[in-house]
Number of protein chains: 2
Amino acid sequence: MGTTIAGVDGTQSIERAIALLLAVGRAGPEGARPTDLVTESGLPKPTVRRVLKALVRSGLLDQDDGSRRYHIGPEAYVLGLLAGARFGIHAMSLGGLARLSQATGDSAFLSVPRDTYSVCLHREEGSFPLRTHVLQMGDRHPLGVGAGSLAILSMFPDDEVERILEANTAILSTELYKSYSPKVMRELVARTRRDGYAFNPGMLMPGSWGLGVGVRGPDGRPAGALSIAAIERRFDDARAETILPFLQEEAARLEQRLRQPDAEPRPRQAKP
Amino acid sequence: MGTTIAGVDGTQSIERAIALLLAVGRAGPEGARPTDLVTESGLPKPTVRRVLKALVRSGLLDQDDGSRRYHIGPEAYVLGLLAGARFGIHAMSLGGLARLSQATGDSAFLSVPRDTYSVCLHREEGSFPLRTHVLQMGDRHPLGVGAGSLAILSMFPDDEVERILEANTAILSTELYKSYSPKVMRELVARTRRDGYAFNPGMLMPGSWGLGVGVRGPDGRPAGALSIAAIERRFDDARAETILPFLQEEAARLEQRLRQPDAEPRPRQAKP
DNA sequence: AAGAAAGGTCCATTTAGTGGATCATAAAGG
DNA sequence: CCTTTATGATCCACTAAATGGACCTTTCTT
């Protein structure tokens, strides 16, 4: 068995299965067609089908009888609900996000770190009619890309930042992230730390600007970030100065709430 | 390769992975220890470890550095969030569940069918201090077991009911479900259809009684059930008659809401 | 400090998973 | 209505991927 080259461990099929599962998730509510998944994964058709069938059997995916499209299944939904307990930050941030979008009229976001990425857990729509739709719930970008993501990256100690940037070199040299050279990224982190907030002047998508503030968990580690995004024209200096205090207040409040465990966890686990 | 005997298809490792993933989910917020998972799955240690490692790498699980316990990971959470779109019934039922538990003082539940089971998606706590904790979020029982579950089963046409009961024969002959012989189950279904509601006089757990009403989706298929559970002493005839109209009203209202699609789905999927 | 139990690793064996080839069915086109 | 084309579904001989018995390491227990 060629353990020496590439292949991480004896888990090829599992990794393929998970990749397909997440691909279906990313496809959104419309679901994913078998062919698209074949193309996207680069795997042979029978393999994809076999794996998807197993996922459907387990309930993690659903297959529409008519359209043959795959959707996320009930089992995945329940799993997410159960995970909710461990992601209290999401529930706890909802009030703050509502207040933020209310007060500013712009969309407000909660992002959390996941490995070397940041994931958008929530998007609270603002009232202003011209909106940026660059960041949607579930979207992920390498840490540092976007206001919230940059705010999170900047909370890590230097050695971790380097490790993260290194791990992301391949992805960051993609066309999509061309504005983010390692050098630029390090400057952004330095500036973010100095200012106490992250600023994204349309680096990912010209015209879509953002402002973010990091939130630490009770353990002092980066737990996430609150951010606000809007089109460029709404972001003059005066406005940024108006928004910032709100963001910082909500971030502080969220950090506070994370410190109080609250809610009784229910007992489980029994042995025969 | 022994395709002839048992083994469904070439997906052994994937099925093991999913089984372990769900096992960790079931373990709840405290997480699951490696040894417990080895015991529970009956698989050899190295196999369990290899699989779990792959799940952690993917982010579907987390492993606590200190305790070595496994927890549901952020990726699973996000997947659940994305699935939320397809489980609008959950969001749509929250108001009704709150009103139900408010009005009756008892705990109110939303259950949905999943294959031959019913899964509890939500538990809205009531105010009355003596409560039954037989049904928790995420819990699953064979269709027919419990008030909500029985209400769902009764909405299926006869041939499907038979198919479901047959598929569940093995599980239903377990000690836990000993009150539910196929004969009893068919009687329960008949009665539920006649009365228009499901009644569970402590059949699963003596003293824990329940009342359930089914909800159909826009396609006419069973979409779920609302139910109320309380300890036996709170369930005299008069009380049941008080509660029922509430349940039926909320079930009707939910059915109504399910008929209106609302909310614009966002566009996705692009090809090169 | 010895013993027990849980976590972690190694690697020869073989079965589970692979994927090229092929068939079936559903849309698109004449 | 009958091709053509695209997509979905299936078969099965081959072998690399996954397996798991044996063994090592760390962390509690006594």
Side-chain angles (χ1 to χ4, degrees), chain A residues 1-21 23-24 27 30-58 60-71 73 269-272, chain B residues 1-21 23-24 27 30-58 60-71 73 269-272:
Chain A
M1 174 172 169
T3 334
T4 25
I5 329 154
V8 199
D9 207 358
T11 49
Q12 185 189 78
S13 67
I14 294 176
E15 272 165 17
R16 287 173 171 187
I18 296 172
L20 285 168
L21 174 65
V24 173
E30 297 83 25
R33 296 186 320 173
T35 327
D36 296 340
L37 292 170
V38 169
T39 314
E40 191 182 329
S41 64
L43 296 170
K45 230 188 312 176
T47 301
V48 171
R49 200 180 127 68
R50 186 158 19 86
V51 172
L52 288 173
K53 254 168 73 181
L55 289 168
V56 168
R57 263 200 307 279
S58 75
L60 285 176
L61 291 183
D62 263 348
Q63 184 170 26
D64 190 291
D65 282 339
S67 70
R68 306 274 79 195
R69 278 166 178 270
Y70 290 93
H71 301 270
Q269 211 103 315
K271 280 196 183 183
Chain B
M1 179 174 170
T3 333
T4 27
I5 329 155
V8 198
D9 207 359
T11 49
Q12 184 189 80
S13 67
I14 295 175
E15 273 167 16
R16 288 173 169 186
I18 296 172
L20 285 168
L21 174 65
V24 173
E30 298 84 25
R33 296 186 319 173
T35 328
D36 296 339
L37 293 170
V38 168
T39 314
E40 190 180 329
S41 64
L43 297 170
K45 226 192 312 178
T47 301
V48 171
R49 199 177 130 64
R50 186 160 17 84
V51 172
L52 288 173
K53 255 168 75 181
L55 289 168
V56 168
R57 264 200 307 278
S58 76
L60 285 176
L61 292 183
D62 264 347
Q63 184 172 26
D64 191 292
D65 283 339
S67 70
R68 308 273 77 195
R69 275 164 178 271
Y70 290 93
H71 301 269
Q269 211 102 313
K271 280 196 183 182

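Side chains included, hydrogens not; waters and symmetry mates left out as well; all remaining heavy atoms used. Here is how names work: the chains are called A, B, and so on, in the same order as the sequence lines, proteins then strands, and each is numbered from 1.
When heavy atoms are screened at a 4.0 angstrom cut-off, A:Pro46 is found touching base atoms of the nucleic acid.
For the OP1/OP2 pair of D:dA17 and a distance below 4.0 Å, the side-chain nitrogens and oxygens of A:Thr11 include no atom meeting the criterion. Dashed line: the shortest gap from a side-chain N or O of B:Arg16 to OP1 or OP2 of D:dG20 is under 4.0 Å. Phosphate contact (OP1/OP2 of D:dT19, side-chain N/O of B:Thr47, threshold under 4.0 Å): absent. OP1 or OP2 of D:dT7 has not a single side-chain nitrogen or oxygen of A:Arg68 nearer than 4.0 Å. One finds a side-chain N or O of A:Arg50 lying less than 4.0 angstrom from the OP1 or OP2 phosphate oxygen of C:dT18. Distances shorter than 4.0 Å separate some side-chain N or O of B:Gln12 from OP1 or OP2 on D:dT19.
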Point to revise | Check against side-chain contact (heavy atoms from CB on, under 4.5 Å), A:Arg16 and A:Leu43 | key: CA-CA 9 Å; A:Arg16 287 173 171 187; A:Leu43 296 170; 3.4 Å; yes
Practice item. Report the C-alpha separation of A:Arg57 and A:Leu60 in whole Å, then their side-chain angles, then the decisive distance to 0.1 Å, and conclude whether the side-chain contact (heavy atoms from CB on, under 4.5 Å) test is met. Key: CA-CA 8 Å; A:Arg57 263 200 307 279; A:Leu60 285 176; over 6 Å; no
Point to revise | side-chain contact (heavy atoms from CB on, under 4.5 Å) between A:Arg68 and A:Gln63, intermediate numbers included | key: CA-CA 6 Å; A:Arg68 306 274 79 195; A:Gln63 184 170 26; 4.0 Å; yes
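In this structure, the CZ atom of B:Arg69 is 15 Å from the C1' atom of D:dT27, given to the nearest Å. Atom pair A:Gln63:CD and D:dG8:C1' shows a separation of 9 Å (rounding to whole Å applied). Atom CD of A:Glu15 and atom P of D:dA16 are 19 Å apart (whole Å). Rounding to whole angstrom units, CZ of residue B:Arg33 and P of C:dA5 are separated by 12 Å. The NZ-C1' distance, from B:Lys53 to D:dA18, rounds to 14 Å in whole Å. Note: CG (B:Leu43) to P (D:dG21) measures 11 Å, nearest angstrom. Regarding A:Leu52, its CG atom lies at a distance of 13 Å from the P atom of D:dT10, rounded to whole Å. In this structure, A:Ile14 places its CD1 atom 14 Å from P of C:dA16, rounding to the nearest Å.
The line from CG of A:Leu52 to OH of A:Tyr70 is 4.5 Å long, rounded to the nearest 0.5 Å. Here CD1 of A:Ile14 is found 10.0 Å from CD of B:Gln12. Values are rounded to the nearest 0.5 Å.
Judged by distance alone, with hydrogens and angles left aside, A:Lys45 brings no side-chain donor or acceptor close enough to the base of C:dG19 to form a pair under 3.5 Å.
Across the interface with DNA chain D, nearest-nucleotide mapping of A:Tyr70 and B:Val51 shows A:Tyr70 to be the residue nearer the 5′ end.
Listed nucleotides: C:dG17, D:dA22, C:dG8. Nearest to the side chain of A:Ser13: C:dG17. Which of C:dG19, D:dG20, C:dT9 sits closest to the side chain of B:Pro44 comes down to D:dG20.
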